[in-house]
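Have a look at the structure below before the remarks.
Bear in mind that the values here come from a model prediction, so they are computed numbers and not experimental data.
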Amino acid sequence: QVQVVESGGGLVQAGGSLRLSCEASGGIFSSYHMGWFRQVPGKEREFVAAISRYGFNRYYVDSVKGRFTISRDNAKNTVYLQMNSLKPEDTAVYYCACSGALPASTWYQEKTRYDMDYWGKGTLVTVSS
């Protein structure tokens, strides 16, 4: 059983930065595509970013391109989300997910959120205006 734990959320002013971390233990980390989703109350969970098993390919939702960067360190079993130039509309609970079968390139598809192998419990990011 893989345990997925996010950290790094918090309160930040608009224009500021945060770095989220997600450690996945109990499995072979490099066998999983990793990524981030976010959700606000009353809305569907939204794809944010995904990274392939060895980090060669990265994908982002249009609204965060140029501001967020996803990366991973397979030696530390950890994936990161560096968030810069944060906006109030980035406020959400951010969830880390992993999938052994779904390529990172497909994670933007709405149906993929139902097929992830493992999810973390989320970390709250609040951006004040």
Side-chain angles (χ1 to χ4, degrees):
Q1 184 76 6
V2 174
Q3 304 293 323
V4 180
V5 180
E6 305 96 336
S7 62
L11 174 64
V12 64
Q13 287 188 332
S17 298
L18 280 176
R19 187 176 82 155
L20 305 184
S21 299
C22 167
E23 182 175 358
S25 58
I28 301 174
F29 186 75
S30 61
S31 69
Y32 292 100
H33 301 276
M34 299 294 298
W36 295 89
F37 290 75
R38 65 187 179 185
Q39 189 171 22
V40 297
K43 291 191 175 181
E44 293 287 332
R45 195 166 292 189
E46 173 191 36
F47 166 73
V48 176
I51 188 167
S52 58
R53 292 188 178 102
Y54 291 95
F56 294 127
N57 298 297
R58 310 177 192 200
Y59 305 90
Y60 301 92
V61 68
D62 285 347
S63 60
V64 308
K65 285 180 181 177
R67 300 189 297 122
F68 290 12
T69 301
I70 188 170
S71 61
R72 65 188 293 163
D73 185 338
N74 285 356
K76 295 183 178 180
N77 293 349
T78 300
V79 62
Y80 305 97
L81 186 67
Q82 177 66 44
M83 305 186 295
N84 299 328
S85 302
L86 282 160
K87 303 175 181 180
E89 51 263 44
D90 294 318
T91 295
V93 177
Y94 284 71
Y95 296 91
C96 180
C98 55
S99 175
L102 291 172
S105 60
T106 67
W107 284 34
Y108 70 93
Q109 298 176 21
E110 188 174 325
K111 61 181 180 179
T112 62
R113 75 176 71 106
Y114 304 107
D115 294 324
M116 292 295 151
D117 291 332
Y118 301 100
W119 289 94
K121 294 183 178 181
T123 185
L124 176 62
V125 172
T126 304
V127 184
S128 64
S129 57

Revision key, fill the gap. Salt bridge (charged side-chain N to carboxylate O under 4.0 Å, His left out) pairs touching residues 49-63, sequence neighbours excluded, are Asp62-Lys65

Side-chain donor/acceptor pairs under 3.5 Å, residues 12-31, sequence neighbours excluded:
| residue | atom | partner | partner atom | Å |
| --- | --- | --- | --- | --- |
| Ser17 | OG | Asn84 | OD1 | 2.9 |
| Ser31 | OG | Ile28 | O | 2.5 |

Practice item. Would you mind listing the cluster partners of Phe56? Hydrophobic ones only (ILVMFWY), side-chain contacts under 4.5 Å, chaining allowed. Key: Tyr54

**Study point:** hydrophobic_cluster_shared for Trp107 and Val64, side chain cutoff 4.5 Å
**Key:** yes

Revision key, fill the gap. Across all chains, not counting sequence neighbours, the side chain to side chain donor-acceptor pair (under 3.5 Å) partners of Glu110 are none

Practice item. Just grab all the salt bridge (charged side-chain N to carboxylate O under 4.0 Å, His left out) pairs involving residues 66-76, residues at least two apart or on different chains. Key: Arg67-Asp90

**Study point:** Residues forming a side-chain contact (heavy atoms from CB on, under 4.5 Å) with Ala49, sequence neighbours excluded
**Key:** Tyr60, Ile70, Leu81

Exercise for review: Quick one: list whatever passes side-chain contact (heavy atoms from CB on, under 4.5 Å) with Tyr59, sequence neighbours left out.
Suggested key: Phe47, Asn57, Ala104, Ser105

Check your understanding: Taking only residues two or more places apart in sequence or in another chain, which ones pass salt bridge (charged side-chain N to carboxylate O under 4.0 Å, His left out) with Glu46?
Key -> Arg38

Study note, to complete from the structure: Here the gap from Ser63 atom OG to Lys87 atom NZ, rounded to the nearest 0.5 Å, amounts to 8.0 Å

Practice item. Under the ring pair (Phe, Tyr, Trp, His ring centres under 6.0 Å) rule, collect the residues that match up with Phe68, sequence neighbours excluded. Key: none

Show which side-chain atoms of residues 120-129 pair as donor or acceptor with protein atoms under 3.5 Å away, not counting sequence neighbours.
| residue | atom | partner | partner atom | Å |
| --- | --- | --- | --- | --- |
| Thr123 | OG1 | Gly9 | N | 3.1 |

Review point. Restricting to pairs with a member in residues 100-129, which pass disulfide (SG to SG under 2.5 Å), not counting sequence neighbours?
Key: none

Point to revise | Closest heavy-atom pair and its distance - Val40, Ala92 | key: CG1-CB, 3.7 Å

Review point. What is the minimum heavy-atom distance between Glu6 and Cys96, and which atoms define it?
Key: OE2-N, 2.8 Å

Practice item. Using atom types as modelled and distance alone, determine if a side-chain donor or acceptor of Arg113 lies under 3.5 Å from a backbone N or O of Arg45. Key: yes

Exercise for review: Please report the C-alpha distance between His33 and Leu102 in whole Å, then the side-chain angles of each, then the deciding distance to 0.1 Å, and finally whether the side chain to side chain contact (heavy atoms under 4.5 Å, CB included) criterion is met.
Suggested key: CA-CA 7 Å; His33 301 276; Leu102 291 172; 5.9 Å; no

Revision key, fill the gap. Rounding to 0.5 Å, atoms OG (Ser52) and CE (Met34) come to a distance of 12.0 Å

Check your understanding: Residues two or more places apart in sequence or in another chain: which of them pass side chain to side chain donor-acceptor pair (under 3.5 Å) with Tyr95?
Key -> none

